Amino acid sequence: MSLHVNASDTLGDTHAVVETLYRFAAGIDLRDRVLLSSASAENAISDFHRAGA
């Protein structure tokens, strides 16, 4: 089995991850639930209890 990684695919994936992280952080900073939820899957669960303690 060989895995062919295209540089343009890798760049596109990296951009998508970075863009998602920015939406996640901005959603928290701005207290924007719509923006925050756009960074997660519909059934995602976030638990920040330990971090907030």
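We count residues from 1, following the sequence as given. Given the structure is predicted, the values throughout are model-derived calculations rather than measurements.
Judged as a side chain to side chain contact (heavy atoms under 4.5 Å, CB included), and not counting sequence neighbours, L11 has no contacts. Residues satisfying the side chain to side chain contact (heavy atoms under 4.5 Å, CB included) criterion with D13, sequence neighbours excluded, are absent altogether. With sequence neighbours excluded, no residue forms a side chain to side chain contact (heavy atoms under 4.5 Å, CB included) with A25. Applying the side-chain hydrogen bond (donor to acceptor under 3.5 Å, both in side chains) rule to S38 yields the partners R23; only residues at least two apart in sequence or on another chain are considered. Taking the side chain to side chain contact (heavy atoms under 4.5 Å, CB included) definition, one finds that V17 meets it with L21, sequence neighbours left out.
At distances below 3.5 Å, not a single donor-acceptor pair connects side-chain atoms of S40 with backbone N or O atoms of S37.
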Going by atom type alone, with no hydrogens or angles, which donor-acceptor pairs under 3.5 Å involve a side-chain atom of residues 41-53 and a protein atom two or more places apart or on another chain?
unit_1 : atom_1 : unit_2 : atom_2 : d
D47    : OD1    : H49    : N      : 3.1
D47    : OD1    : H49    : ND1    : 2.6

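Between atom OH of residue Y22 and atom CG of residue L35 there is a gap of 13.5 Å, rounded to the nearest 0.5 Å.
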